[in-house]
Amino acid sequence: MRKRVGNKKESPPTSRDIQGTVRVQGKQKTQSKQWLKKGLFSLFVILILVPFTLRMLPQLIQHLVYTHRIRVPFFVDLGQPADLSLNHTINMYLTSEEGISLGIWHTVPENLWKEAQGKDWPWYQSTLGNGSPVFIYLHGNTGTRAAPHRVGVSKVLSALGYHVLVPDYRGFGDSTGEPTEAGFTTDAVSLYNWVKARSGSSLVVIWGHSLGTGVATNTAVNLMEQDVVLDGVILEGAFNTALEQIPFHPFTWYYWKFPGMGYIFPEPWAENKVVFPTEENLKKIRNPLLFLHSEDDHLVPVQHAQQMYEVAARTQNTDRVKFVSFDGSLGYLHNGLYRDPHLPDIIKKFVSSL
């Protein structure tokens with residue numbers, strides 16, 4: 001006899017089962033809301049925040065750079081040159097053009113050291129007319145007037161009995177503005193005119209180092225166009241863009257370019273072209289020139305400086321254009337010529353020929 005199998009009735013859900021189902025459904029709804037919020041936020045970022053950032057970040061970066069420049073060496077108060085043993089030096093500011101203020105150190109001749117103690121700016125200005133030669137030192141790329149080799153040059157010249165004025169170009173140190181080639185020339189010409197108005201018949205010599213050699217020759221040509229011939233120009237570590245392109249933009253340090261940002265944002269310096277046509281300038285310049293170059297210069301080959309000397313010598317003559325090289329075994333590289341014990345005599349001989 002076959003046993004009938006009947007349908008087994010399902011037992012009704014208990015209260016525990018109902019509560020479990022409610023919890024699962026509630027959890028699913030919570031997760032859905034979270035995903036919805038994340039989706040809406042992602043949409044906001046993609047459609048609103050990213051385009052806004054793409055447009056505003058370059059300006060924001062430049063704003064931060066304009067107001068918070070990196071100064072090398074670090075932790076140096078540019079208003080206190082005495083901290084670097086320049087205790088016969090005053091810090092001053094000169095308006096190059098409207099909106100541009102240049103930070104400048106004026107070091108008086110070493111024989112005025114005692115008299116200079118506690119003196120103010122008017123006293124320093126008045127000393128420019130005492131008959132001592134005046135040097136305007138135009139420094140190289142990056143850093144400030146407080147860099148050790150720049151301080152070293154000031155001490156050498158002061159010990160020789162010369163005035164030394166070392167400006168930071170616009171955009172450098174505590175000077176305002178954005179660095180440009182034309183702006184640098186304006187800064188140098190403005191300082192020269194300021195010095196010349198106070199120095200009377202004293203010699204005024206411009207000493208350019210590295211990038212400053214380009215500024216120096218631009219300045220000399222600019223002044224010649226105003227019928228002003230400089231008393232003398234010294235070119236230390238001079239570079240020649242006609243022989244070798246500058247491998248990087250000299251003002252990139254100022255703009256604080258992030259790696260790879262050029263693929264996303266336009267380069268802030270894209271319209272800030274630099275030329276520094278030193279070789280072409282040397283074909284126009286008519287003032288005495290002195291080239292100084294280390295044979296082991298790791299940034300500018302000495303052969304390039306030698307070629308520029310030959311251009312200048314052909315334009316003038318070897319009596320008015322001199323070239324002094326320093327043996328590579330001395331290890332001066334690009335910035336160390338101020339340490340050479342023969343440098344003071346070389347400078348004195350040049351100045352006495354003016």
Side-chain angles (χ1 to χ4, degrees), residues 132-141 147-164 166 203-220 229-244 276 278-279 281-354:
S132 299
V134 182
F135 276 73
I136 297 174
Y137 180 79
L138 303 175
H139 66 63
N141 191 38
H149 58 286
R150 294 161 191 166
V151 172
V153 170
S154 293
K155 290 180 178 180
V156 168
L157 294 174
S158 176
L160 289 172
Y162 308 148
H163 292 272
V164 194
V166 185
L203 291 173
V204 179
V205 179
I206 290 183
W207 180 329
H209 172 240
S210 192
L211 183 77
T213 62
V215 181
T217 61
N218 279 354
T219 301
V229 178
L230 290 169
D231 295 320
V233 172
I234 297 176
L235 301 177
E236 177 195 355
F239 66 94
N240 187 356
T241 54
L243 294 177
E244 182 179 16
F276 292 115
T278 301
E279 184 173 315
N281 286 341
L282 291 172
K283 296 176 183 178
K284 304 173 185 177
I285 292 173
R286 294 296 181 269
N287 55 256
L289 289 163
L290 171 63
F291 287 83
L292 303 173
H293 214 99
S294 178
E295 293 177 356
D296 67 337
D297 191 319
H298 61 299
L299 296 181
V300 183
V302 67
Q303 294 82 2
H304 289 188
Q306 181 72 40
Q307 288 175 284
M308 286 192 291
Y309 158 73
E310 292 170 0
V311 169
R314 285 196 300 268
T315 301
Q316 300 191 64
N317 56 64
T318 54
D319 290 330
R320 292 174 63 80
V321 181
K322 302 295 182 181
F323 185 92
V324 178
S325 61
F326 297 78
D327 194 280
S329 64
L330 298 171
Y332 294 146
L333 300 176
H334 191 62
N335 295 333
L337 294 186
Y338 73 94
R339 302 197 306 266
D340 191 89
H342 302 293
L343 183 64
D345 288 335
I346 294 169
I347 302 302
K348 279 197 299 184
K349 185 177 179 180
F350 178 68
V351 170
S352 65
S353 71
L354 302 178

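Quantities reported herein were computed from a predicted structural model and do not represent experimental measurements.
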Specify the closest pair of heavy atoms between Pro133 and Gly161, including all atoms of both residues, with the distance to one decimal. CD-O, 4.4 Å
Between His149 and His139, does the ring centre distance come in under 6.0 Å? no
Got a second to check how far Phe239's CZ is from Leu211's CG, nearest 0.5 Å? 5.0 Å
Within-4.5 Å side-chain heavy-atom neighbours: Tyr338 and Val151: no
Can you check whether His304's main-chain N or O pairs, donor with acceptor, with His293's side chain at less than 3.5 Å? no
Over all heavy atoms of both residues, which pair between Gln316 and Ile285 is shortest? Give the atoms and the distance, please. NE2-O, 3.3 Å
Once rounded to the nearest 0.5 Å, what's the spacing between atom CG of Asp297 and atom CG of Leu333? 7.5 Å
Asp345: salt bridge (Lys or Arg N to Asp or Glu O under 4.0 Å) partners, not counting sequence neighbours: Lys348
Evaluate the side-chain contact (heavy atoms from CB on, under 4.5 Å) criterion for residues Arg320 and Leu289: first the C-alpha distance (whole Å), next the side-chain angles of each, then the deciding distance (0.1 Å), finally the verdict. CA-CA 6 Å; Arg320 292 174 63 80; Leu289 289 163; over 6 Å; no
If the condition is salt bridge (Lys or Arg N to Asp or Glu O under 4.0 Å), which residues does Lys349 pass it with, not counting sequence neighbours? none
I need the minimum non-hydrogen distance between Val156 and Pro344, along with the two atoms involved. CG1-CG, 4.3 Å
Any chance you could measure Ser294, atom OG, to Leu299, atom CG, to the nearest 0.5 Å? 11.0 Å
What's the spacing between Asn281 CG and Glu279 CD if we round to 0.5 Å? 10.0 Å
Exercise: identify the closest heavy-atom pair between Ala220 and Asn287: CB-OD1, 3.9 Å
Ser154 and Val166: CA distance, side-chain angles, deciding distance, side-chain contact (heavy atoms from CB on, under 4.5 Å) verdict: CA-CA 8 Å; Ser154 293; Val166 185; 3.4 Å; yes
Please determine which of Val205, Val351, Val164 meets the side-chain contact (heavy atoms from CB on, under 4.5 Å) test together with Leu157. Val164
Between atom CG of Asn335 and atom CZ of Arg150, what is the distance when rounded to the nearest 0.5 Å? 7.5 Å
Evaluation steps, side-chain contact (heavy atoms from CB on, under 4.5 Å), between Ile234 and Phe135: CA-CA 10 Å; Ile234 297 176; Phe135 276 73; 3.8 Å; yes
Shortest non-hydrogen contact from Asp296 toward Gly328: OD2-O, 3.2 Å
Would you give the length of the straight line joining atom CZ of Arg314 to atom CG of Leu282, rounded to the nearest 0.5 angstrom? 10.5 Å
Kindly indicate, with the supporting measurements, whether the criterion side-chain contact (heavy atoms from CB on, under 4.5 Å) is fulfilled by Tyr309 and Thr318. CA-CA 9 Å; Tyr309 158 73; Thr318 54; 3.7 Å; yes
Which pair of non-hydrogen atoms, one from Trp207 and one from Leu343, has the smallest distance, and what is that distance? CH2-CD2, 4.3 Å
